[in-house]
2 protein chains.
Amino acid sequence: MIAAFVVGTTATARIDGISAAGASPDVMVHTPAADAELVTYGRPVFAPMVPVSPSGTPTPSLVTRAALDFLDIETTVLDAGLAARTAAPTVDVGVAPGKDIRTDHPVPDARSAFESGASVGRALEDDELLVGESVPGGTTTAMGVLTALGEPSAVSSSLPENPVERKRSVVAAGMEESGVEPGELAGQPIDAVMRVGDPVLATVAGLVAGATDAGIGVTLAGGSQMVAAAALARHAGVTAPLTIATTPFVRADETFDLRAGADALDLTVRVTDPGFDAGDHLAFERYRAGEAKEGVGMGGALWLADRAGVPMAEVRERIVDYYERLVEGDGSE
Amino acid sequence: MIAAFVVGTTATARIDGISAAGASPDVMVHTPAADAELVTYGRPVFAPMVPVSPSGTPTPSLVTRAALDFLDIETTVLDAGLAARTAAPTVDVGVAPGKDIRTDHPVPDARSAFESGASVGRALEDDELLVGESVPGGTTTAMGVLTALGEPSAVSSSLPENPVERKRSVVAAGMEESGVEPGELAGQPIDAVMRVGDPVLATVAGLVAGATDAGIGVTLAGGSQMVAAAALARHAGVTAPLTIATTPFVRADETFDLRAGADALDLTVRVTDPGFDAGDHLAFERYRAGEAKEGVGMGGALWLADRAGVPMAEVRERIVDYYERLVEGDGSE
């Protein structure tokens with residue numbers, strides 16, 4: 001088993017009210033780079049802080065790292081358009097940060113990102129691959145891609161109140177600017193990313209295509225963004241079994257129909273409950289209120305911990321440790 | 001134990017007759033990127049070929065990878081000025097390829113490379129660190145740095161006939177251009193790299209400083225370049241025990257006095273013999289003739305295999321496997 005985290009940026013995240021993956025749009029640019037450091041080193045190294053939402057919810061990468069601490073699993077990070085330095089080792093797939101999807105062709109290098117992802121996927125020497133992502137604004141680009149492919153396009157949100165109308169109007173503006181009708185790009189996944197997606201989606205789709213081609217079992221860890229990546233892979237001709245591993249917070253999101261997406265794309269769904277109801281800690285409270293929900297492979301890491309027989313109470317204790325040291329503390333060891 | 005490979009470039013390698021770390025100066029630019037892929041994936045991914053010397057000697061990274069195949073050791077790669085893409089996950093230390101040391105200040109960003117290396121070293125969560133390098137032309141820049149620091153400055157070579165006079169005249173030209181007298185930069189390691197070194201040396205020295213600061217035991221795997229990196233670390237105030245792990249081919253090099261460098265810098269030396277005399281294969285023949293000698297952590301990986309009780313005959317068989325598949329074959333799986 002190897003866990004690959006595909007991290008990058010899209011200027012779509014700067015649109016007001018779109019994302020909670022950072023305390024403000026100005027610091028959100030650091031979120032994917034910081035998430036990569038957190039899963040790799042368990043603390044920020046070059047990153048100025050641990051990413052928190054505007055209301056203080058810690059990044060799901062803390063949960064992922066806490067779960068991975070109990071497992072002996074290799075991790076790797078793919079740089080799919082970072083806009084800040086990271087101290088995590090990354091495979092640079094050679095793609096620029098994504099532009100706002102309301103511009104024409106926001107991901108002009110989608111093809112090379114897909115192909116680099118596929119090369120990396122084929123080169124992996126493991127039987128199983130878990131894929132996580134970090135890209136603020138990613139649910140909006142996921143909606144764009146799903147719409148262009150003609151798949152169920154409701155998506156979840158890192159905000160407790162999903163700004164659905166805002167996202168729909170952004171996607172509609174993007175479709176118009178890039179000259180795409182809903183469903184028009186069925187079977188043309190690279191075009192769909194190029195016109196209304198983000199570089200992380202292109203890379204994840206390529207990684208899935210390459211890994212499945214090499215006979216590696218793939219689990220996509222995440223919510224709507226991973227459904228969109230799976231859709232891209234399916235439209236690229238991937239017929240291998242694919243699993244989505246996610247959290248109960250995503251499943252509980254009434255604005256997103258995980259079942260519909262999974263059925264349409266023939267995806268197995270695994271939901272692993274970290275039992276945040278049992279913990280009365282500040283680190284869990286905002287998750288219970290529906291914030292963050294998922295990201296950076298959280299649902300997948302929880303699943304792996306559960307599969308290995310790690311009690312969730314121990315994972316929760318570890319999350320609290322990280323939270324107290326890194327969020328309440330001074331941000332370093 | 002974690003094995004970190006610091007890979008980068010210096011335009012010094014383009015000077016005629018300086019390096020055998022590639023079939024020609026034009027393809028040598030790919031060598032460190034390819035070496036990173038070979039240790040990570042066991043085959044080239046983005047790289048166009050497996051690096052060989054002009055006479056066909058395979059890169060020592062094949063030996064390193066063969067030895068690592070028997071061990072359960074995490075590896076990481078630091079990009080200290082690559083000039084070609086690599087599919088290996090790399091920590092980008094944010095340093096440009098080094099310029100020819102005959103120019104003024106060939107490594108202007110030596111300080112940030114050192115500091116980034118130190119941050120990564122401090123962030124490692126292991127008890128032991130093995131450091132390897134790949135930088136064509138690196139023995140010449142090693143000579144430059146050792147000269148500037150006032151340490152024993154004889155260095156080894158990837159060529160069977162060490163072009164000692166050529167290197168001395170290149171270093172002398174570099175010292176003059178950057179305005180440095182021999183020994184003048186004792187205690188000023190960053191200045192020494194900035195003026196007559198390469199970005200890999202700066203990064204390795206930083207990595208050593210950071211790791212030892214965090215209480216991690218450090219073994220530098222290599223020959224002259226690692227002696228130069230150790231010298232930089234010592235001149236930066238590192239007093240922790242340091243070990244050099246290398247090959248008998250380096251020790252046998254009469255143009256290089258490993259013992260003198262080790263004594264001057266208080267380094268423990270470990271030499272591990274892969275027993276290439278016992279194998280009559282083409283893959284070993286040029287090593288026996290004194291070509292390549294060391295590189296990409298070869299001596300360190302052999303030491304780790306030996307320490308783990310892996311018979312060298314098995315390592316040699318594995319080297320032959322890689323050689324036949326990747327050098328004699330079509331360059332891919």
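FYI, side chains are in, hydrogens and waters are out, and symmetry mates aren't considered; it's all heavy atoms of this structure. Chain letters run A, B, ... following the sequence lines, proteins first and then strands; every chain starts at 1.
Heavy atoms closer than 4.5 Å to chain B are found in the side chain of A:Thr76, but not in its backbone. Contact annotation for A:Ala88: only backbone heavy atoms (N, CA, C, O) come within less than 4.5 Å of a heavy atom of chain B. If you measure heavy-atom distances from A:Ser116 to chain B, the contacts under 4.5 Å come from both the backbone and the side chain.
Heavy-atom pairs under 4.5 Å with chain B peak, among A:Val77, A:Leu78, A:Thr90, A:Thr86, at A:Thr90. Top candidate by heavy-atom pairs under 4.5 Å with chain A, chosen from B:Glu37, B:Glu74, B:Arg65, is B:Arg65.
In plain terms, the two heavy atoms of B:Phe46 and A:Asp92 that are nearest each other are CE1-O, 4.2 Å. Contact detail for A:Ala123 and B:Val45: the closest heavy-atom pair is CB-CG2, 3.8 Å.
A:Arg85 CZ: more than 12 foreign heavy atoms inside a 6.0 Å radius.
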